[in-house]
A.B. asks: 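Before we start, here is the structure in question, set down as structure tokens.
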Amino acid sequence: MSDFNDAVYRNTFRHTSSHILAHAVKRLYPKTRLAIGPAIENGFYYDFDRAEPFAAEELNQIEDEMKKIVREHLAVERFELPRQEARKLMESQGEPYKVELIDDLPEDAIISFYRQGEFIDLCAGPHLENTGEIKAFKLTQVAGAYWRGNEKNKMLQRIYGTSFPDKQQLKEYLDQQEEARKRDHNKLGRELGFFTTVDYIGQGLPILLPKGARVIQLLQRFVEDEEERRGYLLTKTPFMAKSDLYKISGHWQHYREGMFILGDPEKADQEEVLALRPMTCPFQFQAYLTKTRSYRDLPIRYGETSTLFRNEASGEMHGLIRIRQFTISEGHLVCTPDQLEQEFRGCLDLAQYMLETLGLDDDVSYRFSKWDPADQEKFIGSAEQWDAVQNTMQKILDHMGLTYHVGIGEAAFYGPKLDIQIKNVFGKEDTLITIQIDFQLAERFEMEYTDKDGQKRHPYIIHRTSIGCYERTLALLIEKYAGALPFWIAPEQVRILPISEKHLEAASSLAALLRSEGFRTEIDSRDEKVGKKIREAQMDKLQYMLVIGDQEIEQGKIAVRSRKDGDLGAMPVSELIARLRQENDQRLH
RNA sequence: GCCUUUAUAGCUCAGUCGGUAGAGCGCAUCCAUGGUAAGGAUGAGGUCAUCGGUUCGAUUCCGAUUAAAGGCUCCA
């Protein structure tokens, strides 16, 4: 039962670790109040309420105190109390958060405590039997966290840590985290010159540098071409609209905080109020509304490479993952109820094809995002409507045999979603791709088609993206490939390294030839030793390095070195081009 | 938006217990040299994020602002 690979044992281990943390904090700072302290995926945390922030040095002191508690080999004992006595115990210890937890427990709940030495904590358990079992641990960071995860509540201080049965495993974990940091797109993407930020431009507004912009252009061409093959019609719609549009769509009522508004909404009767678009839907719908539609016209698939603006709260921006202006492969499919399943499948097939092509297909999970009936603020439509469309979507997902988990309250305000989730290099999950079924906006915008029986009906609308937003996708690609992007999408595919300055001319004509063949080629023209040039090309994560000197010029060949296969020796230029061409065509990584 | 931390040269970072700054890498020039992980010399580059306060004097201390990192909340 003490197998650390076993999730139950591991969580018990980490949970006991968090009690040791709380115990140490109470010994050092008795006035600190305790909130909660669970095990999490890679460790544990404990939330504390204390007037002063925990400084870095204090973290070291707490760790030292924890070591003492471990060395004391304290037995961890469970006991239960009736509600009133439990309250009294926690009140006597000055723990108002624990009292609140007890009050919120269901009437028939067993109220249990765990005691180690002089420390007692309200806790459902389970726990290890002795503090001495926690052989290796480390406190990793301090962060703020709202009591009970609600932003209206007090901000507590959360101390994160991790623990292992031995020092070796702890070291391996910390080393692994260190490696992950090296892949972090927010670090590597800046180092490699994909993007940068400027403080006087503002948060969440990255500058895509030539390399980043090139990758996004390549992705965009790929997406637009593939969508054209699949029957999509391209639109180009405005970046902003009058508030009137958003009032029809519901964004004005349900998404206003997320929008950049131009003009003063208070004076809407006197002056124009515009807003930058947070989504493309209401714009693209106008294309549908240009004429009357027959059931014979459906399905209609609209696609657009669409730049969106969302006024994210200031603390939410992160690298290229969460930004205020981004460009997404957006699209809306208008269809009859009969066509819904097939069109939905088509969207998923396209998304999966994209993921496969980028090599991200193994890293994703699927989430069926439903509404939260309790949240009237966020969603439009009746319970009956939601139930009906969620059932429809569930049937489609089940027909497809897709494995998914359910996210309550994660739906868009107008309908349920299938979200394709991906984890970044640190294990944090974000939505990469989303496919949504909308049963409400067609009615709001009076979108109709004439059915076989001559009746006007509202169509279903699928809101979907095929590759997600390009900035986020770029970020995930950088992390997935540690900056060494697959050849077909690499911003610099080939670098030519002349042995000395007198070979620059030969290098230039080779570069011109390769560029005319469509390969993204650069020359390292510095007067440096070739060993150094190769080293730097490797640091820049290049796939192909070509060395050119007297030998090559004499033999009419070129020395080729690839990231994947190492030194390939000298080959004729025609052979090199054939090789590069072949690799370029292998989009499926 | 909230909590914590941070901001010195293009990059990574020192430093001044308050007297306006330095290293390595990079860059430029010169010398040397063509061959697979760092040849040598010289030089240019900084309103020490911005604004304000304290002070004879602030890059340093204090405050505000802006931006960055990690969380929380929220979301593609």
Side-chain angles (χ1 to χ4, degrees), chain A residues 45 47 50 52-56 59 140-160 181 184 186-187 190-191 193 196-205 255 257-258 278-279 306 308 310-324 326-330 369 378 407 409-410 412 417 419-422 426 428-434 436 463-465 467-473 475-476 497-504 526-539 545 547-552 559 561 566-567 570:
Chain A
Y45 68 79
D47 286 346
R50 176 178 180 240
E52 310 78 33
F54 287 105
L59 233 47
T140 49
Q141 59 175 331
V142 189
Y146 297 108
W147 165 236
R148 300 196 137 179
N150 186 331
E151 62 180 324
K152 295 194 174 74
N153 289 342
K154 183 164 187 185
M155 175 71 62
L156 306 174
Q157 294 187 63
R158 176 171 297 178
I159 298 180
Y160 283 95
R181 251 180 294 265
D184 180 2
N186 207 3
K187 185 173 191 295
R190 289 172 195 269
E191 278 170 11
T196 188
T197 49
V198 177
D199 59 0
Y200 39 82
I201 286 180
Q203 282 188 308
L205 298 167
Y255 204 83
E257 276 186 13
M279 298 171 191
S306 183
L308 305 180
R310 295 189 186 175
N311 192 6
E312 303 289 351
S314 62
E316 285 161 9
M317 261 65 77
H318 171 71
L320 293 177
I321 297 273
R322 279 297 285 284
I323 54 184
R324 281 180 163 154
F326 56 93
T327 300
I328 188 166
S329 54
E330 180 101 285
S369 297
K378 190 174 164 187
E410 302 283 355
K417 311 192 283 177
D419 292 320
I420 304 183
Q421 303 292 107
I422 189 158
F426 297 113
K428 191 174 172 177
E429 196 177 88
D430 270 298
T431 303
L432 186 59
I433 294 175
T434 180
Q436 312 168 353
H463 303 234
R464 49 100 267 176
T465 166
I467 209 173
C469 85
Y470 290 98
E471 293 85 351
R472 184 174 283 187
T473 306
L476 289 157
L497 317 177
I499 292 291
S500 80
E501 279 186 302
K502 65 180 180 181
H503 307 104
L504 267 178
R526 298 171 309 158
D527 188 16
E528 296 285 356
K529 295 205 164 172
V530 75
K532 187 172 179 178
K533 292 181 182 179
I534 290 176
R535 183 175 64 86
E536 288 181 15
Q538 284 169 340
M539 287 193 322
M545 292 148 256
V547 177
I548 189 160
D550 284 341
Q551 265 179 44
E552 288 76 18
R561 195 182 174 87
D567 197 345

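It should be emphasised that the depicted structure is a prediction, and the values quoted were computed from it without experimental measurement. The chains referred to below are lettered A, B, ... by the order of the sequence lines, with proteins before strands, and numbering in each begins at 1.
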A.B. asks: Can you name the residues that form a side chain to side chain donor-acceptor pair (under 3.5 Å) with A:D47, not counting sequence neighbours?
C.D. replies: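 Applying side chain to side chain donor-acceptor pair (under 3.5 Å) to A:D47 gives A:R158.
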A.B. asks: What does nucleotides 62-73 of chain B look like as a protein-contact string, B for base, S for sugar-phosphate only, - for none, at under 4.0 angstrom between heavy atoms?
C.D. replies: ----SSSSBBBB
A.B. asks: Which residues satisfy the ring-ring contact (aromatic ring centres under 6.0 Å, His included) test with A:H503, sequence neighbours excluded?
C.D. replies: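 Checked A:H503 against ring-ring contact (aromatic ring centres under 6.0 Å, His included); zero matches.
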A.B. asks: Listed by chain and number, what are the side chain to side chain donor-acceptor pair (under 3.5 Å) partners of A:R472, not counting sequence neighbours?
C.D. replies: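 With neighbours one apart ignored, the set is empty.
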A.B. asks: Please work out the stems of RNA chain B from pairs that are Watson-Crick or G-U wobble with both distances under 3.5 Å, keeping only runs of three or more consecutive pairs.
C.D. replies: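 When the pairs of RNA chain B are grouped into runs of at least three, the stems are B:1-7 with B:66-72, B:10-13 with B:22-25, B:27-31 with B:39-43, B:49-53 with B:61-65.
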A.B. asks: Mind checking what makes ring-ring contact (aromatic ring centres under 6.0 Å, His included) contact with A:Y146, not counting sequence neighbours?
C.D. replies: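 None.
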A.B. asks: Would you please confirm or rule out a distance under 4.0 Å between OP1 or OP2 of B:rU33 and any side-chain N or O of A:K533?
C.D. replies: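 Looking at the OP1 and OP2 atoms of B:rU33, neither is under 4.0 Å from any side-chain N or O of A:K533.
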A.B. asks: What side-chain donor-acceptor pairs closer than 3.5 Å can you find for residues 196-205 of chain A, not counting sequence neighbours?
C.D. replies:
{"unit_1": "A:T197", "atom_1": "OG1", "unit_2": "A:R190", "atom_2": "NH1", "d": "2.9"}
{"unit_1": "A:Q203", "atom_1": "NE2", "unit_2": "A:S314", "atom_2": "O", "d": "3.1"}

A.B. asks: Mind checking what makes salt bridge (charged side-chain N to carboxylate O under 4.0 Å, His left out) contact with A:E257, not counting sequence neighbours?
C.D. replies: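 Salt bridge (charged side-chain N to carboxylate O under 4.0 Å, His left out) check on A:E257 returns nothing, list empty.
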A.B. asks: Taking only residues two or more places apart in sequence, or in another chain, which ones meet A:I467 in a side chain to side chain contact (heavy atoms under 4.5 Å, CB included)?
C.D. replies: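 If we apply the side chain to side chain contact (heavy atoms under 4.5 Å, CB included) test to A:I467, skipping adjacent residues, the hits are A:L219, A:V223, A:S329, A:M354, A:L358, A:Y470, A:T473.
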A.B. asks: List the residues meeting side chain to side chain donor-acceptor pair (under 3.5 Å) with A:E501, not counting sequence neighbours, and say none if there are none.
C.D. replies: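 A:E501 satisfies side chain to side chain donor-acceptor pair (under 3.5 Å) with no residue once adjacent residues are dropped.
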A.B. asks: Scan nucleotides 23-30 of chain B nucleotide by nucleotide, 5' to 3', and note B when protein non-hydrogen atoms come under 4.0 Å of the base, S if they reach only the sugar-phosphate, - if neither.
C.D. replies: ---SS---
A.B. asks: Kindly write out the residues that satisfy side chain to side chain donor-acceptor pair (under 3.5 Å) with A:K378, not counting sequence neighbours, or none if the list is empty.
C.D. replies: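 Not a single residue meets the side chain to side chain donor-acceptor pair (under 3.5 Å) criterion with A:K378.
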